[in-house]
Student: 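Handing you this structure, nothing more for now.
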Amino acid sequence: MAIKFKKKMNNVLGKVIHRHHLLPLFKRQATSSTSSTSVSEWIPTTTSFLDVTFHDGLMEIPALELYDSSESKLRNLIAFEQCYPNTKTHVTFYTLFMDFLVNSPQDILILQQKEIILNWLSGEEEATHLFNHLGMEVYMMK
């Protein structure tokens, strides 16, 4: 089965918007039904770069812009997910998923042609290195 890539887009006033930044995350306070304490949970918005879907052989991956600061922001979010108790690991799973997709600069070129990656780094080699090294020594729980 071949996997087809389709970028998600929003149409606003006739103009196509498809750029997502690294921090479309917000903090939600959820109150426990058994106690009066509140639990902080980080969850992605509905227009997040984390909204990867797969249905009927079609994989939809929202666009992601890569900047010089992208690696440090992703590493900080991964560190937060790894260190903060009971936090969902959305960013960690996303970076590991992208690591599986990206093995060479040619993979970055394909993702750029499909406008899934908007690469503002110095080149495809740097983007490949970013995805191939973010997941190193990351602990994943089921």
Side-chain angles (χ1 to χ4, degrees), residues 1-34 37-142:
M1 170 193 334
I3 297 175
K4 299 176 185 174
F5 294 101
K6 178 183 175 187
K7 61 183 183 248
K8 283 188 176 179
M9 302 175 126
N10 299 320
N11 193 341
V12 179
L13 300 175
K15 184 176 179 181
V16 175
I17 306 296
H18 57 84
R19 294 186 175 153
H20 298 273
H21 293 280
L22 277 179
L23 296 176
L25 303 175
F26 64 94
K27 191 174 183 178
R28 178 179 71 178
Q29 294 288 84
T31 305
S32 171
S33 60
T34 58
T37 61
S38 61
V39 179
S40 295
E41 180 183 358
W42 287 88
I43 60 172
T45 65
T46 58
T47 58
S48 171
F49 67 97
L50 302 172
D51 291 338
V52 176
T53 59
F54 185 78
H55 190 296
D56 293 331
L58 181 67
M59 183 177 290
E60 293 183 359
I61 305 172
L64 174 67
E65 291 189 46
L66 296 178
Y67 296 101
D68 291 335
S69 62
S70 297
E71 183 174 1
S72 63
K73 288 178 183 177
L74 285 169
R75 284 194 185 280
N76 283 325
L77 289 168
I78 291 169
F80 174 80
E81 290 178 347
Q82 296 284 298
C83 296
Y84 198 83
N86 302 318
T87 301
K88 306 234 186 233
T89 54
H90 298 294
V91 176
T92 304
F93 277 120
Y94 177 83
T95 56
L96 292 174
F97 167 73
M98 290 302 288
D99 181 23
F100 286 117
L101 282 183
V102 175
N103 293 310
S104 70
Q106 289 75 24
D107 297 329
I108 293 290
L109 283 172
I110 291 169
L111 294 173
Q112 284 179 198
Q113 289 169 353
K114 300 294 182 182
E115 295 182 4
I116 293 168
I117 296 290
L118 303 167
N119 187 10
W120 298 105
L121 300 173
S122 63
E124 290 76 28
E125 287 282 340
E126 189 174 353
T128 303
H129 183 269
L130 181 142
F131 287 118
N132 292 161
H133 289 88
L134 277 174
M136 290 185 150
E137 299 182 34
V138 172
Y139 177 73
M140 291 303 303
M141 292 179 55
K142 289 185 178 183

Student: With S122, which residues qualify under side chain to side chain donor-acceptor pair (under 3.5 Å), at least two apart?
Tutor: E126
Student: Report the distance from atom CG of L58 to atom OG1 of T53, rounding to the nearest 0.5 Å.
Tutor: 7.0 Å
Student: Go through the steps for Y67 and L118 under the test side-chain contact (heavy atoms from CB on, under 4.5 Å), then give the verdict.
Tutor: CA-CA 9 Å; Y67 296 101; L118 303 167; over 6 Å; no
Student: Who pairs with H133 by side-chain contact (heavy atoms from CB on, under 4.5 Å), at least two apart in sequence or on another chain?
Tutor: R75, H129, M136
Student: To the nearest 0.5 angstrom, please state how far the OG1 atom of T128 sits from the CD atom of Q106.
Tutor: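 The distance works out to 8.0 Å.
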Student: How long is the span from the NE2 atom in H90 to the CG atom in L50, to the nearest 0.5 Å?
Tutor: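 It comes to 7.5 Å.
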Student: For the residue pair E115 and A63, what are the closest heavy atoms and their distance?
Tutor: O-CB, 3.3 Å
Student: Which label fits Y94 and F97: parallel for a plane angle under 30°, tilted from 30 to 60°, or perpendicular past 60°?
Tutor: tilted
Student: Which atom pair, heavy atoms only, marks the closest approach of N103 to F100?
Tutor: ND2-O, 3.6 Å
Student: How far apart are the C-alpha atoms of I61 and L101, what are their side-chain angles, what is the distance that settles it, and do they pass the side-chain contact (heavy atoms from CB on, under 4.5 Å) test?
Tutor: CA-CA 11 Å; I61 305 172; L101 282 183; 3.8 Å; yes
Student: For I108 and A127, work out which heavy atoms get closest and say how close.
Tutor: CD1-CB, 3.8 Å
Student: Carefully, step by step, assess V138 and Q82 under the rule side-chain contact (heavy atoms from CB on, under 4.5 Å).
Tutor: CA-CA 8 Å; V138 172; Q82 296 284 298; 3.5 Å; yes
Student: Of the non-hydrogen atoms in S69 and S72, which two are nearest, and what is the gap between them?
Tutor: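 For S69 and S72, the tightest heavy-atom pair comes out as O-OG, 3.1 Å.
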Student: Test side-chain contact (heavy atoms from CB on, under 4.5 Å) on E60 and V52; report intermediate values, then the result.
Tutor: CA-CA 6 Å; E60 293 183 359; V52 176; over 6 Å; no
Student: Answer yes or no: is there a side-chain heavy-atom contact under 4.5 Å between L66 and F131?
Tutor: yes
Student: Taking E81 as the fixed residue, which of N76, T89, T92 is the one that meets the side-chain hydrogen bond (donor to acceptor under 3.5 Å, both in side chains) rule?
Tutor: T92
Student: Can you find a pair of side-chain heavy atoms, one from L130 and one from L74, that are under 4.5 Å apart?
Tutor: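 The answer is yes, as the side chains (C-beta and beyond) meet within the 4.5 Å cut-off.
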Student: Give me the atom names and distance for the closest heavy-atom approach of L111 to M98.
Tutor: CD1-CE, 3.9 Å
Student: By side-chain contact (heavy atoms from CB on, under 4.5 Å), which residues pair with D99, not counting sequence neighbours?
Tutor: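 Testing D99 for side-chain contact (heavy atoms from CB on, under 4.5 Å), a comparison that skips the adjacent residues, returns N132.
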Student: Of the non-hydrogen atoms in S70 and E65, which two are nearest, and what is the gap between them?
Tutor: OG-O, 3.8 Å
